[in-house]
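The structure appears right after this line, and notes come after that.
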Amino acid sequence: MFLMLIPVVNMESYLIMTESKKVYIGMGSNLGDSRRHLLEALKEIDAIPGVRVTACSSLYSTKPVGPQDQNYFINAVAELETTVEAHALLREMFKIENRHHRVRVRHWGERTLDLDVLYYGTETFCDDELKVPHPEIFNRAFVVFPLLEINPEFTHTDGKKLRDVLPSLPADDVRAMRRLSYLENRSGRAGGSGKWLTLRAWSKYRYGL
């Protein structure tokens, strides 16, 4: 437990707490310069008072989940340490999306930037504003692979190892995924511990690709 001495102008917006939480954020873009959107968003997240980006996965090219008449996405997962309350953190994500001119045209449609709170420590939320853990995690290869790259031993809030859902991920989505590049975390090291099989190696083993 520690107290972060951060000047707060709008307490309703930030709601700084005394306990730090480990948070995972899903990031995606398929409009404009998607790489730039994700890299800039990562810096903007790190600049939020009470938030520190501690790691980020590689960038992945992924098949869209919704309508197929749109570009492939570029996705990543970022790990944060934060003392910002969960709902306030979500509102900060919305602000960053708006700065990148996100427009919600259709469900699961194209977007310049999408930021989702996947996990907020071991806490659960289910209300009109926030559902955490994100209810679609177990169906999303573009979330599971990047998150396991950062933390191969990650455990879901129900005690289930996240890696155990790999065999049930949609095979077409896994086949379509391509790892594009590594991002560096704050210490200058590439994201991930290196203990997890690469996407290609795992796909070959699990799906015979």
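If you read the sequence from its start, that first residue is 1, and numbering goes on from there. Hydrogens, waters and symmetry mates are skipped; everything else that's a heavy atom, side chains included, is used.
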message: Please give me the minimum heavy-atom distance between K161 and E153, naming the atom from each residue.
response: NZ-O, 3.1 Å
message: Is it the case that the side chain of T112 and the backbone of H100 share a donor-acceptor pair, with hydrogens and angles ignored and the cut-off at 3.5 Å?
response: yes
field: Residues E19 and T83: side-chain donor-acceptor under 3.5 angstrom
entry: no
query: Is N75 reaching over with its side chain to a backbone N or O of F142, donor-acceptor style, under 3.5 angstrom?
result: no
task: Indicate yes or no: at least one non-hydrogen side-chain atom of L166 is less than 4.5 angstrom from one of L148.
output: yes
- prompt: Are M27 and V77 close enough that some pair of their side-chain heavy atoms sits under 4.5 Å apart?
  reply: no
- line: Correct closest heavy-atom pair for K63 and D173 would be CD-OD1, 3.7 Å
task: Of all the heavy-atom pairs spanning T157 and P133, show the shortest one and how long it is.
output: OG1-CG, 3.5 Å
query: Under the 3.5 angstrom rule, does the side chain of E85 hit a backbone N or O of A88 as a donor-acceptor pair?
result: yes
- prompt: Minimum heavy-atom separation for V117 to M93, with atom names?
  reply: CG2-CG, 4.5 Å
field: ILVMFWY network linking Y72 to L113, side-chain heavy atoms under 4.5 angstrom
entry: no
message: Has T124 got a side-chain atom pairing as donor or acceptor with V132's backbone, closer than 3.5 angstrom?
response: no
- request: Mind listing the closest non-hydrogen atom pair of Y120 and V23 along with its distance?
  value: CD1-CG2, 3.4 Å
message: Check this for me, if you would: do K95 and E44 make a salt bridge, where the nitrogen-to-carboxylate-oxygen distance has to be below 4.0 angstrom?
response: no
- request: Kindly indicate, with the supporting measurements, whether the criterion side chain to side chain contact (heavy atoms under 4.5 Å, CB included) is fulfilled by F145 and V174.
  value: CA-CA 9 Å; F145 275 108; V174 175; 3.9 Å; yes
- request: Please answer whether the main-chain N or O of L80 pairs with a side-chain N or O of K22 as donor and acceptor at a distance below 3.5 Å.
  value: no
message: With a 3.5 Å distance limit and no angle check, can you tell me whether T54 reaches the backbone of E79 through a side-chain donor-acceptor pair?
response: yes
- prompt: Is there a donor-acceptor pair closer than 3.5 Å between any side-chain N or O of D116 and the backbone N or O of L118?
  reply: no
task: Determine the minimum heavy-atom distance between A55 and I150, stating which atoms define it.
output: CB-CG2, 4.0 Å
message: For L89 and K21: C-alpha separation, side-chain torsions, deciding distance, then whether side chain to side chain contact (heavy atoms under 4.5 Å, CB included) applies.
response: CA-CA 11 Å; L89 181 64; K21 299 286 186 180; over 6 Å; no
field: Pairwise side-chain contact, I74 with L180, heavy-atom cut-off 4.5 Å (strictly under)
entry: yes
- prompt: Just wondering, do E149 and R179 contact through their side chains at under 4.5 Å, heavy atoms?
  reply: yes
message: Looking at S57 and A76, would you say the former's side chain and the latter's main chain have a donor-acceptor pair under 3.5 Å?
response: no
- prompt: What's the verdict on side chain to side chain donor-acceptor pair (under 3.5 Å) for D127 and H87, showing C-alpha distance, side-chain angles and the deciding distance?
  reply: CA-CA 10 Å; D127 55 50; H87 293 79; 2.7 Å; yes
field: Lys/Arg-Asp/Glu bridge criterion (N-O < 4.0 Å) met for E40, R99
entry: no
field: E97/R111 salt bridge by N-O under 4.0 Å criterion
entry: no
query: If we only count heavy atoms from C-beta on, is the K160 to T155 side-chain gap below 4.5 Å?
result: no
- request: Please check if the side chain of N30 supplies one atom and the backbone of E110 the other of a donor-acceptor pair under 3.5 Å.
  value: no
message: Looking only at side-chain N and O atoms, does Y119 offer a donor or acceptor that is under 3.5 Å from a partner on H134?
response: no
- prompt: If two hydrophobic side chains count as joined below 4.5 Å and joins carry through other members, does L31 share a cluster with Y60?
  reply: no
- prompt: Below 4.0 angstrom, N of the basic side chain to O of the carboxylate: do R175 and D172 qualify?
  reply: yes
field: Transitive ILVMFWY side-chain link L115 to L42, under 4.5 Å
entry: yes
field: CA sep, side-chain torsions, deciding dist, call: I137, V165, side chain to side chain contact (heavy atoms under 4.5 Å, CB included)
entry: CA-CA 10 Å; I137 287 173; V165 310; over 6 Å; no
- request: Could you tell me whether the side chain of R163 reaches within less than 4.5 Å of the side chain of F154, counting heavy atoms only?
  value: no
- prompt: Given the rule that I, L, V, M, F, W and Y join up when any side-chain heavy atoms are under 4.5 Å apart, are V65 and L169 in one cluster?
  reply: yes
